[in-house]
Undergrad: 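Let me begin by handing over the structure; questions about it come next.
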Amino acid sequence: MKVLMNDEIINRSEAKVDIEDRGYQFGDGVYEVVNIYEGIPFTLKEHIARLYRSSMEIGIQLTEQPEQLCNRLLELIKANSMTNGGLYLQISRGVSNRTHHYDQTLTPQFVAYPLPYKSVLDAQTNGVEAITAEDLRWLRCDIKSLNLLYNIMVKQKASEAGAFESILIRDGIVTEGSSSNIFIVKDGILQTHPANNLILNGITRTKLLEIMNKNGWKYKLEPFYKEDLMEADEVFLTSTTSEVMPIIKIDGITFSQAKPGPFTRKFQTAFREAVKSETKSTTEKA
Ligand code: PDD
């Protein structure tokens, strides 16, 4: 496997991380996950824009232009002859003696590498189970931080319960999933938490809302309660790796006919069409 380390594409075996890298010690950094369809990274510009925003929010100054980084990532995809799968990208603040405070002059460390393709088709067709958990994360969930300790704790809880995702509840309100955004459909209207400091503004979420706007489909960006979740007609989650994923059971309670509902199906289809047309138009431009 070839990896991009700072500005160089090298073999994975040659890639080295210093034991005093702040990403390694403190989780002091930010990351992204991008999906690759037929060799084309989907919504790459949007992911890179979010990476730069997250970096800026934690005071990491990036000197490279986003376009230059995009070009290097395209080279990485080629170097690995990737067709389907993903890219993981990470920026840490840099290497220094272990102190909590940091020197502004540290050189950020960048790494990107391919993630293998994992089919989610069966899960998308049949729907998945979720559990609910208290949202005990910090109040800057809009930053895609490397600090995922609580997210992994509740994902593990879901996994041990045989579920796909943990749906997080803060003060009775459904915020998002441990690694996804959560949507409900009630009486034909889609609803999801507004993009603020309590959730990560997902690229898949944004893309779906764009599709909703284009089609004139109704939605509300308003917080909703756990009771609304449990009484919804349909529930689904979105993320880069899951796309539009129906949820058919929450905390052991099955929804309607225990199968993905008609609105969720419609959004899945529309999302796949958007992926197809965007990756096709990128190929044509290349
Ligand atoms: N997770 N909320 C959280 C907390 C997330 O970690 C993610 C993504 C999302 C969905 O964002 P997007 O649609 O941009 O993927 C929402 C990624 C996939 C991960 O950590 O692997």
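First listed ligand is number 1; within each ligand, the first listed atom is number 1.
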Undergrad: Using distance alone, determine whether I203 and ligand 1 share an N or O pair under 3.5 Å.
TA: yes
Undergrad: With atom 1 (N) of ligand 1 as the reference point, say which of K207, K144, R205 has the nearest heavy atom.
TA: K144
Undergrad: Can an N or O of E176 be found at a distance shorter than 3.5 Å from an N or O of ligand 1?
TA: yes
Undergrad: Out of G202, S242, C141, who is nearest to atom 11 (O) of ligand 1 when you count heavy atoms only?
TA: G202
Undergrad: Determine, considering heavy atoms only, which of I182, L208, N181 sits nearest to atom 10 (C) of ligand 1.
TA: N181
Undergrad: Rounded to the nearest 0.5 Å, what separation is found between the CG atom of D28 and the NE2 atom of H100?
TA: 10.5 Å
Undergrad: Of the protein's non-hydrogen atoms, which lies at the shortest distance from atom 15 (O) of ligand 1, and what is that distance?
TA: T240 OG1, 2.5 Å
Undergrad: Taking side-chain contact (heavy atoms from CB on, under 4.5 Å) as the definition, give me every residue that meets it alongside A79, ordered by chain and number, with sequence neighbours left out.
TA: K2, I9
Undergrad: With rounding to the nearest 0.5 angstrom, report the CZ to CZ distance, F183 to F224.
TA: 9.0 Å
Undergrad: Nearest 0.5 Å, please: how far is CG in L44 from CG in L89?
TA: 8.0 Å
Undergrad: Backbone, side chain, both or neither: what part of T204 comes under 4.0 angstrom of ligand 1, heavy atoms only?
TA: both
Undergrad: Could you state the interatomic distance from CD (E134) to CG (D171), rounded to the nearest 0.5 Å?
TA: 8.5 Å
Undergrad: How would you list, by chain and number, every residue that makes a ring-ring contact (aromatic ring centres under 6.0 Å, His included) with H101, sequence neighbours excluded?
TA: none
Undergrad: Please could you name the atoms of ligand 1 that S178 approaches to less than 4.0 Å, counting only its heavy atoms?
TA: 4 (C)
Undergrad: How are the rings of F42 and F271 set to each other: parallel, tilted or perpendicular (split at 30° and 60°)?
TA: perpendicular
Undergrad: Nearest protein heavy atom to atom 19 (C) of ligand 1, by residue and atom, and its distance?
TA: Y31 OH, 3.7 Å
Undergrad: Between S179, S145, S239, which one has a non-hydrogen atom sitting closest to atom 7 (C) of ligand 1?
TA: S179
Undergrad: Could you pull out the closest heavy-atom pair between T175 and I199, with the gap in Å?
TA: O-CG2, 3.4 Å
Undergrad: Taking the ring of F267 and the ring of W217, is the distance between their centroids below 6.0 Å?
TA: yes
Undergrad: Could you tell me, atom by atom, which parts of ligand 1 come under 4.0 Å of a heavy atom of R50?
TA: 11 (O), 14 (O)
Undergrad: If you have a sec, work out which protein heavy atom is nearest atom 21 (O) of ligand 1 and how many Å separate them, to one decimal?
TA: V33 CG2, 3.6 Å
Undergrad: Got an N/O contact under 3.5 Å between H47 and ligand 1?
TA: no
